**Q** 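Structure incoming, see below.
Read the numbers this way: they start at 1 and go in the same order the structure lists the ligands and their atoms. One is the number of the first residue; the rest follow in order along the sequence. Keep in mind the model is a prediction, meaning the values are calculated, not measured.
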Amino acid sequence: MGKTGVLTPTAVFEPVDIDGSIIERASLHNISIMNKLGITHKGQIVNVYKANTVIPQIDSVEEDDTEITNSNIITPLNLCPFCHSDTSIIKDNDTDVLVCTNPNCKGKLLGKLSHFVSKNAIGIEGLSDQTLQKFIDLGWLSSFKDIYYLSEHKEEMYKINGFGKKSVDKLLESIEKSRNTTLDRFIYGLCIPLIGRTASKTISSFCRKIAIRDLLDDIYVFYNYGTFNANDLNGLGEIMCKSLNDYISQKKNEIMELSKEFNIESNIRKQDNITNNLILTNMVFVITGSLNHYKNRNDLISVIEQFGGKVSGSVSSKTSYLINNNITSTSGKNAKAKQLNIPIISEEDFIQLIS
Ligand SMILES: [Zn+2]
């Protein structure tokens, strides 16, 4: 069972030697592929090869005239092998897949925890699937957060066969170390459907941008942003954005609570680095017209705010500068600025000002 509750059928056959290794199992991937290959009954003869010289694959099934009976028929499991709840066959991108219908299935939990602690996610050494399963069975793990409270079971862990004090201490140490992480690893670890490593990095950079602009924590932006859309997250399609937004709206509190266990690289600390450079303090800027130097208005706003300035939407007596590349424009904002004797400056002038 994978982390989303999909059960993958596996073919088990008589051992065969391919390129010096004995092969006796191969993934059948999903129900569609299983049907397409014509897997119907026990005792069928299959042709096996190693894809990329590593992974065993079923190439085809030999035709035979065995009569299919109740005792040899192969059908997808009706009950989940982990929690014994009903299974169901659902469509996933035109592919039939077998899933466990129980949202709290222990099998899913193992897949999720295993993904969460994997190298590219949070990265905790020494938490193998076998160990995770043991801790689940002992009732110590039912969520990601529980990993950070495993030390409460230290004494009991010492007594588990095959563990040893040294390896327990090492494991707990590696759990503590994992508290220092980055937002993209954290997001990737959550097992949000359709959100892989690349997407997690895209989401994380976007949150960072907003976080810098508004002087917030990256993680705070992540769970508080509201609705991410494809324009924000270049490279993520609408379906991925929907999956992300659905996940956050359902699990906001859980994410918030979990994030408390971590020191996620944050921009709050960066504030200290720029306090010496708040040369725009007490200045209010209004921006109008198109920009050439900065990618968009938000980029310029973030720079002004980093230097301690404020940005307002309309020109008033409180405005310090109107930024407009077209200084001679007769737009309403230009006219108002002229009327109030407020300097109109170009982007280049602004860059001069902060340098
Ligand atoms: Zn189940």
**Q** Atom CD1 in I345, atom CG in L322: separation rounded to 0.5 Å?
**A** 8.5 Å
**Q** By residue and atom, what protein N/O/S atoms are less than 2.8 Å from the Zn ion (ligand 1)?
**A** C80 SG, C83 SG, C100 SG, C105 SG
**Q** Is the shortest heavy-atom distance from the side chain of I248 to the side chain of Y225 under 4.5 Å?
**A** no
**Q** Only counting residues at least two apart or in another chain, list the ones meeting salt bridge (Lys or Arg N to Asp or Glu O under 4.0 Å) with R197.
**A** none
**Q** Report, one line per pair, each donor and acceptor closer than 3.5 Å where one atom sits in a side chain of residues 115-123; sequence neighbours left out.
**A**
from, atom 1, to, atom 2, distance (Å)
H115, NE2, Y188, O, 2.8
S118, OG, H115, O, 2.7

**Q** Output all residues satisfying side chain to side chain contact (heavy atoms under 4.5 Å, CB included) with S249, sequence neighbours left out; order by chain, then residue number.
**A** none
**Q** Check this for me, if you would: do K260 and E257 make a salt bridge, where the nitrogen-to-carboxylate-oxygen distance has to be below 4.0 angstrom?
**A** yes
